[in-house]
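This report concerns only the one structure given below.
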Amino acid sequence: MTVTAPPEDGFSVTVDTVIVGGGAAGMTAALACQEARRACVILERDAVQTGSTALSAGLIPAAGSALQAEAGIDDSAERFAADIQRKAGGEADPEVVAALTAASGPTLDWLAGTHGMPFSVVSDFDYPGHSRRRMHGLPSRAGRELVDRLRNTCTARGIDILTGAHVTTLFADAAGRVQGVGYARPDGGLETVGCDRLILACNGFGGNPEMVAAYTPEIRDALYFGHAGNTGDAIRWGEALGARMRHLGAYQGHGNVAHPHGVLVTWAVLSEGGIQVNRDGRRFWNELQGYSEAARTVIAQPGGEAYAIFDSRIASIARQFEDFRAAEAAGAIVTADTPEALAARLDLPGGALVETMVEIEGTTTCNFGRVFDPTKRLRPPYHGVRVTGALFHTQGGLDVTGTGRVRRASGGLLPNLYAVGGAACGVSGSGDDGYLSGNGLLSAVVLGRLAGAA
């Protein structure tokens, strides 16, 4: 990846805005660009658009949306901002938090109203750290559907999306103003595009083992559950242009990925009353703290694995998620009528698992500080799944304003460079325990729209 002087013979074509990355962040930015009457083009390195969004549940947190109001949920941008900062330990940029939370409801309404996307509020369980039910998802509760609908909308509106276009070069002048990009086509041909501004929507560096080891060493041995194309291009370009970086040690993990199947098991199986035990059949932490820090916690257990235990009531809630249905279809989730039988099916010590389940049946607050809801006690038949911890995506990146403008390390702003989604520093603080559910798509979709319209 290089940054160099503009080509002497000019560019093959010039547009107002070039967007690098065709995931949710890039496509949302493009829709906002078009709405602002600015010509844009999306350059996507893969032959088929996927990205980190397609691997997620596709849930967007939004406060004050019309859908929340219809569901009788009283929420506000200020309450959402407080939830983000509480989880992030006050480390998130207040300007960015305020911008994202204020624009979250209007952005969700824009996607649902203007662009006809059939969102609904997840109303049958709570996500850790959210004081209101504000997660909005499409019918499948799968990120793939969000990517598909955004792509279809962009295509229908005539937005140019060039796939198989691997951006390798940024052309910039001595002042750091980006004047265009160079990209490689699948046939090896090289093309250039000039631009008045550049939006980096090419995510973080989770797919770059060297950068992961350097910046987030505690998660370097975990399963990587993100997109292979997240190799840190935005970070390297930003450094070459003199951009400021922030919180490069931040990331989103997940401690409930079916193993060895590699399928995400929704955190609802735990937040609705389920538990995690290790190979010894014993609980080892407060499962309601959050699924991001769970990755590191689960990996620290013997064999780097754990077992999620829940029941049929919880499974019926979890089946709204396509990933959970896929885990069941793959045979990852087993069922039994008694704890002893479940232990045998999971190859766990039967006596220990029975003792553990008796303990949670008779307690309100456990030794790990978890408060158990007496209305959500586990009842037969029981379900279990072997899981491991995974790295989903990094949360640190280019330091940006509330509209995605990239800040210089020396102070001020770069002239025409924007970063959104995983390319930008998110609102999750400096580590893994500051990640509030949905922060990734909040930075992708809402910041994407703000940058596109800026």
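Of the possible polar contacts, one joining the Ser292 side chain to the Gly253 backbone as a donor-acceptor pair under 3.5 Å is found. Proximity of a side-chain donor or acceptor of Ser316 to a complementary backbone N or O of Arg313 within less than 3.5 Å is detected. A donor-acceptor pair under 3.5 Å is absent between the side-chain atoms of Thr363 and the main chain of Ile360, judged by distance alone. In terms of modelled atom types and a separation under 3.5 Å, the side chain of Gln85 and the main chain of Ala82 share no donor-acceptor contact. For the pair Asp432 (side chain) and Gln252 (backbone), a donor-acceptor distance under 3.5 Å is absent. Without hydrogens or angle criteria, Ser76 side chain to Arg79 main chain gives a donor-acceptor distance under 3.5 Å. A donor-acceptor pair under 3.5 Å is absent between the side-chain atoms of Arg379 and the main chain of Ser312, judged by distance alone. Checked by atom type and distance alone, the side chain of Glu287 pairs as donor or acceptor with a backbone atom of Gln276 at under 3.5 Å. Without hydrogens or angle criteria, Gln68 side chain to Arg133 main chain gives a donor-acceptor distance under 3.5 Å. Under a 3.5 Å cut-off, the side chain of Gln34 and the backbone N or O of Arg157 do form a donor-acceptor pair.
Geometrically, Arg370 engages Phe372 in a cation-pi contact defined by less than 6.0 Å to the ring centre and at most 45° from the axis. Note that Arg405 lies in the cation-pi zone of Tyr418, set by a 6.0 Å cut-off to the ring centre and a 45° limit from the axis. A cation-pi arrangement is absent between Arg132 and Phe80, since the terminal nitrogen or guanidinium carbon is not both under 6.0 Å from the aromatic centre and inside a 45° cone about the axis.
Within the 4.5 Å cutoff, the side chain of Cys154 has heavy atoms near those of the Ile161 side chain. Considering only heavy atoms from C-beta on, Leu55 stays 4.5 Å or farther from Leu264 through its side chain. Between Ser428 and Glu91, the closest side-chain pair of non-hydrogen atoms is not below 4.5 Å. Between Arg177 and Leu417 there is no side-chain heavy-atom pair separated by less than 4.5 Å. A 4.5 Å side-chain heavy-atom check between Leu288 and Val371 finds every atom pair outside the cut-off. Between Tyr127 and Val122 there is a side-chain heavy-atom pair separated by less than 4.5 Å. In this structure, the side chains of Tyr435 and Tyr291 come closer than 4.5 Å at one or more pairs of heavy atoms. Inter-residue side-chain proximity for Val178 and Trp237 is flagged as unmet; no heavy-atom pair is nearer than 4.5 Å.
Side-chain contact of Thr335 with His383: a donor-acceptor pair under 3.5 Å is present, judged by distance alone. Side-chain polar atoms of Ser131 and Asp83 form a donor-acceptor pair below 3.5 angstrom. Checked by atom type, the side-chain pair His136/Ser120 shows no donor-acceptor distance below 3.5 Å. Counted by atom type alone, Asn278 and Glu305 present zero donor-acceptor pairs between their side chains at under 3.5 Å. In summary, the side chains of Asp148 and Gln49 do not present any donor paired with an acceptor at a separation below 3.5 Å, with no hydrogens or angles considered. At a cut-off of 3.5 Å, with distance as the only test, no side-chain donor of Asp196 or Thr17 sits close to an acceptor on the other residue.
Residue Asp373 qualifies as enclosed at atom CG: its count of foreign heavy atoms under 6.0 Å is above 12.
The shortest non-hydrogen separation linking Thr101 to Val97 is OG1-O, 2.8 Å. Closest approach of Leu346 and Val385 over heavy atoms only: CD2-N, 4.3 Å. Of all the heavy atoms in Asn286 and Arg283, the pair that sits closest is CA-NH2, 4.4 Å. Looking at every heavy atom in both residues, Ile314 comes nearest to Val269 through CG2-CA, 3.3 Å. Across Val427 and Ala92, no two heavy atoms sit closer than the pair O-CB, 3.7 Å. Nearest heavy-atom pair across Ser104 and Pro61 is CB-O, 3.8 Å.
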| query | Given the rule in the side chain to side chain contact (heavy atoms under 4.5 Å, CB included) test, do Val446 and Leu108 qualify, once you have shown the distances and angles that lead to the verdict? | reply | CA-CA 8 Å; Val446 180; Leu108 202 288; over 6 Å; no

| request: Kindly determine whether Val212 and Phe205 satisfy side chain to side chain contact (heavy atoms under 4.5 Å, CB included), including the steps that lead there. | output: CA-CA 7 Å; Val212 169; Phe205 58 85; 4.2 Å; yes

| task | Walk me through it: do Val181 and Leu198 pass the test side chain to side chain contact (heavy atoms under 4.5 Å, CB included)? | result | CA-CA 9 Å; Val181 303; Leu198 177 67; 3.9 Å; yes

| field | Chi angles and distances behind the side chain to side chain contact (heavy atoms under 4.5 Å, CB included) call for Arg408, Leu413 | value | CA-CA 5 Å; Arg408 291 184 187 272; Leu413 303 174; 5.9 Å; no

| said: Assess the residue pair Ser271 and Asp126 against the criterion (side chain to side chain donor-acceptor pair (under 3.5 Å)); give the C-alpha distance rounded to whole Å, side-chain angles, the decisive distance to 0.1 Å, and a yes or no. | reply: CA-CA 7 Å; Ser271 64; Asp126 299 312; over 6 Å; no

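The stretch residues 35-51 participates, sequence neighbours left out, in these salt bridge (charged side-chain N to carboxylate O under 4.0 Å, His left out) pairs: Arg45-Asp233. Residues in residues 199-209 take part in no salt bridge (charged side-chain N to carboxylate O under 4.0 Å, His left out) pair, two or more places apart or across chains.
Put simply, CG on Leu138 and CD on Glu322 are 11.5 Å apart, with the number rounded to the nearest 0.5 Å. Atom CG of residue Asp311 and atom NZ of residue Lys376 lie 11.5 Å apart, to the nearest 0.5 angstrom. Here the CZ atom belonging to Arg236 is positioned 5.5 Å from the OG1 atom belonging to Thr231, to the nearest 0.5 angstrom. Atom-to-atom distance recorded for Thr216:OG1 and Met211:CE is 9.5 Å, nearest 0.5 angstrom. Within the model, atoms CG of Asp93 and CG of Asp399 stand 6.5 Å from one another, a figure rounded to the nearest 0.5 Å.
A side chain to side chain contact (heavy atoms under 4.5 Å, CB included) with Arg407 is found for one member of Leu398, Val400, Thr401 and no other, namely Thr401. Of the candidates Tyr224, Phe225, Trp267, Trp267 is the only one forming a ring pair (Phe, Tyr, Trp, His ring centres under 6.0 Å) with His254.
For Phe310 and Tyr382, the ring centers sit 6.0 Å or farther from each other.
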